[in-house]
**Q** 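Can you read through this structure? Questions will come right after.
For reference, positions follow the sequence shown, starting with 1.
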Amino acid sequence: MLEPGLWCERVVRRGDEVGVQARRAPRPIQALIWMRVEVRTVLSLLDADESERVYRWLSYGQWEAIYRLRAGRSCRLPVRTRTGVRVAWEIRPVLFLPTAGRCTEAESAAELAAAVREAEVTARAAGTASATAAG
C-alpha cells in the first residue's frame, strides 16, 4: 500500500560542488517546519535584498506553500549567499512505498523472535537428522 507524504530536499551548490540533504515528512505542516528552521539558519549569510525576500517568505510566503502542498503541488525557495553559494529548499508531494524499517518496535521484536524460533527448529531438525543417520 502506498503512503502519501512529502519529500523535503535542500540542495547546496558551491561552484561545481553539490550537496543534497533529504528527508520525508508525513504532513505539510511538518515539512514547512523543517524548511523554516533550515531557512533561518542561513539568514545571516544573505545580503540585505535577499534577506528581505526571505523574511517576506517566512512571514507570508509559507502560507502559500501550505496551500500548494495541500493541493498536491510542490514549493521551492532558492537563495544566494553573499559569497555566491546557492541554496534551494524544495518540498514535493510523493507516494512512499512502505519499508521494513517503518514497523513498530513491537512488530520488529515479534518478527525477530519468530525468526529465532524458526532457526532453532531448523537446527534441531538438522541435528536429529544427522543423529539418526549416524546411529
Side-chain angles (χ1 to χ4, degrees):
M1 177 100 66
L2 297 177
E3 298 174 25
L6 298 151
W7 188 247
C8 309
E9 213 172 62
R10 178 188 67 211
V11 179
V12 178
R13 296 179 190 277
R14 288 183 201 102
D16 293 339
E17 295 178 38
V18 177
V20 178
Q21 180 195 25
R23 62 174 301 193
R24 61 187 285 165
R27 291 184 295 283
I29 194 70
Q30 290 167 317
L32 258 294
I33 288 170
W34 166 81
M35 192 169 172
R36 284 176 55 90
V37 169
E38 290 273 328
V39 169
R40 287 172 185 249
T41 61
V42 300
L43 274 173
S44 64
L45 305 173
L46 307 178
D47 64 26
D49 291 338
E50 193 75 342
S51 191
E52 183 180 325
R53 184 177 70 83
V54 170
Y55 274 119
R56 275 195 315 271
W57 183 87
L58 286 168
S59 298
Y60 309 106
Q62 66 175 327
W63 301 111
E64 179 186 343
I66 286 279
Y67 296 131
R68 291 178 63 85
L69 293 170
R70 287 183 177 160
R73 297 169 49 207
S74 64
C75 68
R76 186 170 191 271
L77 178 64
V79 299
R80 185 181 201 107
T81 68
R82 287 187 296 260
T83 59
V85 174
R86 293 175 294 161
V87 184
W89 294 270
E90 184 172 3
I91 303 170
R92 55 186 178 273
V94 295
L95 293 173
F96 291 105
L97 292 172
T99 60
R102 300 277 326 252
C103 64
T104 66
E105 285 184 11
E107 290 170 336
S108 181
E111 288 174 4
L112 176 60
V116 168
R117 279 193 304 272
E118 184 178 330
E120 288 174 341
V121 168
T122 304
R124 274 193 225 118
T128 304
S130 28
T132 305

**Q** Just so I know, are the side chains of Arg53 and Val79 near enough to count as touching, which here means a heavy-atom distance under 4.5 Å?
**A**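 Side chain of Arg53 against side chain of Val79, heavy atoms only: contact under 4.5 Å found.
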
**Q** If hydrophobic clusters are built by linking Ile, Leu, Val, Met, Phe, Trp and Tyr wherever their side-chain heavy atoms come under 4.5 Å apart, do Ile33 and Ile66 end up in the same one?
**A**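 Yes.
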
**Q** What about Trp57 and Ile29, same hydrophobic cluster or not, with Ile/Leu/Val/Met/Phe/Trp/Tyr joined at side-chain heavy-atom distances under 4.5 Å?
**A**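 In one cluster with Trp57: Ile29, yes.
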
**Q** Could you pull out all residues at least two apart from Asp47 that satisfy side chain to side chain contact (heavy atoms under 4.5 Å, CB included)?
**A**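 For Asp47 the side chain to side chain contact (heavy atoms under 4.5 Å, CB included) partners, ignoring immediate neighbours, are Asp49, Glu50, Arg82.
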
**Q** Could you pull out all residues at least two apart from Arg36 that satisfy side chain to side chain donor-acceptor pair (under 3.5 Å)?
**A**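 For Arg36 the side chain to side chain donor-acceptor pair (under 3.5 Å) partners, ignoring immediate neighbours, are Gln62.
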
**Q** For the atom pair CD (Glu90) and SG (Cys75), what is the distance rounded to the nearest 0.5 Å?
**A**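 Between atom CD of Glu90 and atom SG of Cys75 there are 8.0 Å.
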
**Q** Kindly work out whether a path of hydrophobic side-chain contacts (I/L/V/M/F/W/Y, heavy atoms less than 4.5 Å apart) joins Tyr67 to Leu69.
**A**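 They do not share one cluster, since no chain of ILVMFWY contacts under 4.5 Å joins Tyr67 to Leu69.
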
**Q** With sequence neighbours left out, what residues match Ser51 under side chain to side chain contact (heavy atoms under 4.5 Å, CB included)?
**A**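 Side chain to side chain contact (heavy atoms under 4.5 Å, CB included) check on Ser51 returns Leu43, Leu46, Tyr55.
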
**Q** Using the rule that two of Ile, Leu, Val, Met, Phe, Trp, Tyr join whenever any of their side-chain heavy atoms come within less than 4.5 Å, decide whether Trp89 and Trp7 are in one cluster.
**A**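 Trp89 and Trp7: separate clusters.
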
**Q** If I take atom CH2 from residue Trp34 and atom CG from residue Leu6, how far apart are they, to the nearest 0.5 angstrom?
**A**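 Taking CH2 in Trp34 and CG in Leu6, the distance rounds to 11.0 Å.
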
**Q** Does anything in residues 5-19 pair up under salt bridge (Lys or Arg N to Asp or Glu O under 4.0 Å), and if so which pairs, sequence neighbours excluded?
**A**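 Listed by first then second residue: Glu9-Arg92, Arg10-Glu38.
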
**Q** Do Thr83 and Leu45 have side chains that get closer than 4.5 Å, going by heavy atoms?
**A**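 Side chain of Thr83 against side chain of Leu45, heavy atoms only: no contact under 4.5 Å found.
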
**Q** Starting from Val11 and following side-chain heavy-atom contacts under 4.5 Å between hydrophobic residues (I, L, V, M, F, W, Y), which residues can be reached?
**A**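 Answer for Val11: Val18, Val20.
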
**Q** Could you give all pairs that pass the salt bridge (Lys or Arg N to Asp or Glu O under 4.0 Å) test and reach residues 56-73, with sequence neighbours left out?
**A**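 Qualifying pairs: Glu52-Arg56.
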
**Q** On a heavy-atom basis, which atom in Pro4 and which in Leu95 lie closest, and how many Å separate them?
**A**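 Heavy atoms only, the tightest pair is CA-CD2, 3.8 Å.
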
**Q** Do Glu3 and Arg24 pass the side chain to side chain contact (heavy atoms under 4.5 Å, CB included) test, and can you show the C-alpha distance, the side-chain angles, and the key distance before you say yes or no?
**A** CA-CA 11 Å; Glu3 298 174 25; Arg24 61 187 285 165; 3.5 Å; yes

**Q** What distance do Ile91 atom CD1 and Leu32 atom CG have between them, rounded to the nearest 0.5 Å?
**A**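 It is 5.0 Å, given to the nearest 0.5 Å.
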
